[in-house]
Amino acid sequence: MSNLRLLQTTTPHIALIPSAGIGHLIPYLRLAETLALEKCIVTIITPKPTVSFAESNLISRFLSTHPDMKQLEFQILPPSQSNSTTNDPFFLQYDAVNRSAHLLGPLLSSVSPPLSAIVSDLLVSTSLVSIVADLNLPNYILATTSARFLSLMVYLPTLLAEPNTKFGGDSDSVTVPGLASIPQSSIPPPFANPNHLFTELIRSNSRMIPQAKGVLVNTFDLFEPETLSALNSGSVLTSLPPFIPIGPLVPYESEDCLSLIWLDEQPEGSVVYVAFGSRTTMSKDQIRELGEGLEKSGYRFFWVIKGSIVDKDDKGDIGEVVGKLYAERNKNKAMMIKEWVNQEKVLAHPAIGGFVNHCGWNSVTEAALHGIPMLAWPLHGDQRVNAEVVEKAGLGIWERGWGWNGEKLVKAEEIGKKVKEIMSNAKGNIADKNDEEEIGAVLGKSYMGRNKKKAM
Ligand code: UDP
Ligand code: UDP
């Protein structure tokens, strides 16, 4: 039976296969809920064990609030303890998931009713090619980064095969056909080493993109029009499947443990939200400068502080990280927290006027969804390329001189100045600028359109 007939005659059953880390999990959970609302049967295949508590907590909370969702755990091979090019636990886990992906075959063929399609992370593409061919299933990739960084990944195997390519070399920029050139300073440092685990994982899996039925991208036309058109017109590579913008993915229903009472008491648009995602920490010195910078800005702030890359290692209270005197001094004008917060709910709160963040792509799309201006402080990986997108779309400002994480100590003075700049553009003021087509306002319309069936 052809897949088309299967879709016409039975309820579609879609398997979703995320990779490791919160940034690769949340978009899959959002898509899962969207598909279920469209009357699909959804099975989420989650790698086990996870690196962080946050991932396992999120999965169990999602399943408890979505009892119709099916889950299969996928026992992965033990990650290497280290690799000569990195000891980042998330990179090592991407690698372990990738090395275990051949075990997915029996799992996928055993589910009932039989599957209609698979949506999987780019980082398991290589192993899935032969599995989906055997099962005669269409495979879609859900990309968890910007279309711009995705284009760089698509083109990475070609770039690395060219003898003249130099990442981190003397040339000013890297050319991906059809795209505005990418400054060398935005290229993730691991790409300069073709043997780096991160480079190798992207290179090997990106080669398989042409075999996918389509690539779902958590972006939208207004945000990245030229890039989407370059990908879809054959400018980047001629053999690509369609790249379908489905973003910004809508946050799913969830029970909330964190109280937002403090925010409820703050005036509209008065608070700057400061958070750098689920796996990024700063040095002690940088945390101190950031803290002082926030004080100097004079604005109220809601600061999520991470003391370690993996939450399982995060010990000690706020006072130990920022200093007891600092915490005491700021207790009336700031909320500082070291636990998981429901970020999307924070960003949706009317008190939030600006967002200092690392440009993890999920954070960017959440800010875009709520029209919150950003101070981009990209620190790793795809984040500088994502910051270019933010800046170009008029959604935020970016101080390029601040460098990658740890490259230099960004001083409190500078941070305070930039926070003031972004907050002077905060929500209340944006609402007055009717003649400028603010992306948040435009987004609001498409968001409402997409949700008109499930929301009033
Ligand atoms: N997040 C959250 N609470 C936290 C930390 C993170 O809800 O305390 C969510 C955030 O809203 C986003 C995701 O986790 O959806 C982080 O993904 P992103 O791509 O922004 O950054 P990464 O964590 O991958 O660096
Ligand atoms: N890192 C991160 N988020 C990312 C990429 C990296 O938090 O998306 C952290 C990670 O802890 C790693 C460090 O940044 O150890 C340096 O990352 P880099 O990409 O330079 O690779 P590595 O140092 O592992 O070679």
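Note that ligands are numbered from 1 as they come in the structure, with each ligand's atoms numbered from 1 the same way.
Listed by number with element, the atoms of ligand 1 under 4.0 angstrom from any heavy atom of Ile26 are 9 (C), 13 (C), 14 (O), 15 (O). With ligand atoms numbered from 1 in the order given, ligand 1 contributes 23 (O) to contacts under 4.0 Å with heavy atoms of Gly277. Of all the atoms in ligand 1, the ones that sit under 4.0 Å from a non-hydrogen atom of Ser278 are 22 (P), 23 (O). The ligand atoms of ligand 1 that sit less than 4.0 angstrom from a heavy atom of Gly23 are 17 (O), 24 (O).
No cation-pi contact links Lys213 to Tyr140, judged by a cut-off of 6.0 Å to the six-membered ring centre and 45° from its axis. Remark: Arg400 is not positioned above the aromatic ring of Trp402, lacking an NZ or CZ atom under 6.0 angstrom from the ring centre and at most 45 degrees off the axis.
Counting heavy-atom neighbours within 6.0 Å of Lys39 NZ, excluding the residue itself, gives a total of 12 or less.
For ligand 1, the polar-atom distance check against Val341 finds a nitrogen or oxygen pair separated by under 3.5 Å. The distance criterion of under 3.5 Å between nitrogen or oxygen atoms is met by Asn362 with respect to ligand 1. Residue Gln383 has no nitrogen or oxygen atom sitting less than 3.5 Å from a nitrogen or oxygen atom of ligand 1, judged on distance alone.
With ring centers used as reference points, Tyr94 lies under 6.0 Å from His24. Taking the six-membered ring where the residue is Trp, the centroids of Phe301 and Trp262 are separated by 6.0 Å or more.
Summarising the contacts of atom 11 (O) of ligand 1 with Lys338, Glu344, Glu366, the nearest heavy atom is found in Glu366.
The shortest separation from a heavy atom of His358 to ligand 1 is under 4.0 Å, placing the residue in contact.
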Mind running salt bridge (Lys or Arg N to Asp or Glu O under 4.0 Å) on Lys338 and Asp314 for me, showing each step along the way? CA-CA 9 Å; Lys338 241 175 113 247; Asp314 213 341; 3.2 Å; yes
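Proximity of a side-chain donor or acceptor of Asn205 to a complementary backbone N or O of Thr126 within less than 3.5 Å is detected. For Thr365 (side chain) and Asn362 (main-chain N/O), a donor-acceptor pair under 3.5 Å exists by modelled atom type.
Contacts of Trp361 with ligand 1, taken as heavy-atom pairs under 4.0 Å, involve the backbone alone. For Ile22, every heavy-atom contact with ligand 1 shorter than 4.0 Å involves the side chain, none the backbone.
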